[in-house]
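Below is one structure, written out as structure tokens; the observations come after it.
Quick note on labels: first sequence line is chain A, next is B, and so on, each numbered from 1. Note that the structure is a prediction, hence the values are computed from the model and not measured.
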Amino acid sequence: MAHPPRTEARLRAQRPGATVSESIPYRFEPTHHAGELHEAHDDIEAGTETDTVVTVAGRLMLRRVQGKLAFGTMQDQTGRIQLFAPVSTTPRFSEFTSLTIGDWVGVTGVVMKTRKGELSIRVDEWVLLAHSERQFPDKWHGMTDPEARYRQRYVDLWVSDGARSAFLLRSRALSLIRRWLEDRQFIEVETPLLNVIPGGGHARPFVTHHNALDTDLYLRIAPELFLKRLVVGGFERVFEMGRTFRNEGIDRVHNPEFTMLELYQAYGDVNDMMAITEELIGYLATELRGTTKLTWQGQEVDLTPPWRRASMADLIEERIGVRIDVRMPIDDVRHIAFDQGVKVEQGWGQGKLMLEIYEKTTESSLQGPVFVTDYPKEVSPLARDHRELPDMVERFEVIVGGREIANAFSELTDPKEQKARFDGQLRARAAGDDEAMPVDDDYVRALEYGLPPTGGLGIGIDRLVMMLADVASIRDIVLFPTLRPESAGRAPSGTHADGDDEADDEA
RNA sequence: GCGCCUCUAGCUCAAUGGCAGAGCAACGGACUCUUAAUCCGCAGGUUCUGGGUUCGAAUCCCAGGGGGCGCACCA
């Protein structure tokens, strides 16, 4: 230890033969949280005591010892409360005043207000619940180094304003989403994370290996194909909200593992999905922020339904003044792409070109919320043909602040058509698109048993929570974001069938 | 993967080629109404790592590592 012995040694000195951990109780029963006490007693007069005795627990965050009277600031999950510790009521007073910042304590005493008007608990009983052997960060400046905040979130949560509240908001959002969907007869299901075929999206997957089956498995990139199998199986309204994995870059809006909500509604279509999207997100904003008019990173976001609906072609035209139609000669579309500085690859049809042009010129400029509708069939292998527009599908994405937060379609239900779409993806893969969707024959078999008309919706929960919490980085709403390992370590043993991982021990 | 920025005490930061420092925290002490309490005292360093230039390197150069931002990727 770089610093002199701290509380532990002193406590041990006072009770020879006893260790600190032996003096720590096995359980403790707080009766109140700081937040509740402020709510119930903030209006009492300065200098008065109530006859209410409470027990609280938390970390000591500040300490002000004045000879025979000590003040402490204790923090729990709900906030802070002052501990008022006169020598006359505080057992083991000198031990109490030698507590250090970061120590966990449990305190029982009367609720009172100091002469200066600070709501406090008089320390009539107290017990050490954990000693912090490591020094806590500066009580005023907190922790600002992003790396330290992410790697040591357990400290960040105590000392960074807003860190805890952002994660509490996330938790409440997940809970509200589940309740909202269940109120509408959606049932929550769990489908495999370990996939033989990573389908339902375009992304590079993580690969792992199952030893007993001696087969490679992929972490799912989307739950879509399994959820639609369940609609085939008669679950008319299903949803899954869970982790999804994509082996792509990491930045402010991408973490390799992220949380996706997908839901499917039998007998519904893309229009039902729009209604669900704007109602659900409007509800969340109202519940969590008290309004549908939010500010996200300085920009106004009005989530009051109904949201604007505009086709991709219209939005592109608004932005660059050129009308694109997938029925145009391909050289014309290539020419537009070239004019817009969009990199073109061999094998791209009009639909793929249109999407590229949209993404490079238009998407990031959309403040939203806006439903971007009418996607090219070429880039939507799981969506059903548009009932009016040839070579287009019934699909939308929701854009807010230039970022996609939802994606939905009228689901493709025809097995022959689905097989043909998969074959098209196969050709795209052969042409060099290594994110083209792999063929899933069992999924086609499921469709052959009959999938009724179905609407499906996916929402990126992390980005939604970012918006609701008004934070700039996905790392601010993911508790333990993916980082490079702190030091070059070994893989845990037992990850290989033969138990011999010596060969893996490289730097 | 590329570019820019960054890494100094537990935390937040100084020192820009010339003795590695401050505040808070910690440690020892004084103090019965503090609120980032105050006051006195004491201790704390592989300046991310490894090379190089120099009489002398936290500082300049090269290589590597972590992190942030941007780009690319993410249909």
Phosphate-side-chain proximity, A:R484 and B:G66, N/O vs OP1/OP2 below 4.0 Å: yes
Sugar-phosphate, base or nothing in reach of A:G142, heavy atoms under 4.0 Å: sugar-phosphate
A:N255 CG to B:G68 P, straight-line distance once rounded to whole Å: 11 Å
Sugar-phosphate only, base, or nothing, as touched by A:V253 at under 4.0 Å among non-hydrogen atoms: nothing
C1' atoms of B:C40 and B:U35, separation to the nearest Å: 22 Å
Any donor-acceptor N/O pair, A:R421 side chain to A:A383 backbone, under 3.5 Å: yes
Rounded distance in Å between the C1' positions of B:A37 and B:G45: 30 Å
Sugar-phosphate only, base, or nothing, as touched by A:Q82 at under 4.0 Å among non-hydrogen atoms: base
Passing option when A:S410 is tested against A:R384, A:E394, A:H386 for side chain to side chain donor-acceptor pair (under 3.5 Å): A:E394
Counter-base of B:C39, judged by Watson-Crick or G-U geometry with both distances under 3.5 Å: B:G29
B:A26 phosphate, OP1 or OP2, under 4.0 Å from A:R134 side-chain N/O: no
Closest listed nucleotide, where the reference is the side chain of A:D138 and the choices are B:A26, B:G10, B:C74: B:G10
Rounded P spacing from B:G56 to B:G44 in Å: 28 Å
Atom-to-atom span, NE2 of A:H254 to C1' of B:C71 - whole angstrom: 14 Å
Aromatic ring proximity, centroids under 6.0 angstrom, A:F84 and A:F71: yes
Candidates B:U35, B:C27, B:U12 - which lies nearest the side chain of A:T100: B:C27
Base partner of B:C71, which must satisfy Watson-Crick or wobble distances under 3.5 Å: B:G1
Toward the 5' end of RNA chain B, by each residue's nearest nucleotide, A:V87 or A:V379: A:V87
B:A20 pairs with, by Watson-Crick or G-U criteria that keep both distances under 3.5 Å: none
Side-chain donor-acceptor contact under 3.5 Å, A:D332 with A:H335: no
Distance between C1' atoms of B:A43 and B:G1 (Å, rounded): 47 Å
Protein-nucleotide distance (A:F136, atom CZ; B:A25, atom P), rounded to Å: 15 Å
Length of the line joining A:R204:CZ and B:C74:C1', which is rounded to integer Å: 8 Å
Under-4.0 Å side-chain N/O to phosphate OP1/OP2 contact, A:K113 with B:U35: no
Touch class at under 4.0 angstrom, heavy-atom based, for A:R395 against every strand present: base
Nucleotide nearest A:I101 when distance is taken to its side chain, options B:C73, B:A75, B:A26: B:A26
Donor-acceptor contact present, side-chain A:W126 to main-chain A:P91, <3.5 Å: yes
Nearest-angstrom distance from the residue atom CE of A:M61 to C1' of B:C11: 12 Å
Watson-Crick or G-U counterpart of B:A63, or none if no pair lies under 3.5 Å: B:U49
Residues, nucleotides or ligands: over 12 heavy atoms within 6.0 Å of A:H38 NE2: yes
Nucleotide nearest A:D251 (side chain, heavy atoms from C-beta), chosen from B:A75, B:A72, B:A26: B:A72
Any A:R475 side-chain N or O less than 4.0 Å from OP1/OP2 of B:C69: yes
Contact list for RNA chain B against residues 143-161 of chain A - heavy-atom distance below 4.0 Å: A:M143, A:T144, A:D145, A:P146, A:E147, A:Y150, A:R151
Lys/Arg cation over aromatic A:Y375: A:R395, 6.0 Å, 45° cone: yes
Side-chain (A:S160) to main-chain (A:A163) donor-acceptor, under 3.5 angstrom: no
C1' gap between B:C13 and B:A25, integer Å: 14 Å
Donor on one side chain, acceptor on other, A:E36 and A:T78, under 3.5 Å: no
RNA chain B contacts among residues 348-355 of chain A, heavy-atom distance under 4.0 Å: A:K352, A:L355
Between P of B:A30 and CZ of A:R63, the distance in whole Å: 13 Å
Side chain to side chain contact (heavy atoms under 4.5 Å, CB included) between A:M312 and A:M354, intermediate numbers included: CA-CA 9 Å; A:M312 180 184 291; A:M354 180 177 178; 4.0 Å; yes
Euclidean distance, atom CD1 of residue A:I121 to atom P of B:C33 [Å, nearest integer]: 21 Å
Polar side chain donor-acceptor pair, A:E125 to A:T108, under 3.5 angstrom: no
Residue pairs passing the ring-ring contact (aromatic ring centres under 6.0 Å, His included) test where at least one lies in residues 103-123 of chain A, sequence neighbours excluded: A:W104-A:W158
First of A:P137 and A:T114 reached from the 5' end of RNA chain B, by closest nucleotide: A:P137
A:D314 and A:S311: CA distance, side-chain angles, deciding distance, side chain to side chain donor-acceptor pair (under 3.5 Å) verdict: CA-CA 5 Å; A:D314 286 347; A:S311 74; 3.3 Å; yes
Residue A:H202, side-chain heavy atoms: nucleotide from B:C73, B:U35, B:A75 that is nearest: B:A75
Nucleotide of B:U32, B:A25, B:A75 approaching A:K68 most closely (side-chain heavy atoms): B:U32
Whole-Å C1' distance, B:U47 and B:A9: 10 Å
Shortest side-chain distance from A:L483, nucleotide among B:A75, B:C11, B:G67: B:G67
Same-atom distance (P) from B:U54 to B:C73, integer angstrom: 46 Å
d(CD1, A:I81; P, B:U35) in whole Å: 18 Å
Spacing of the P atoms in B:G10 and B:G17 (rounded, Å): 27 Å
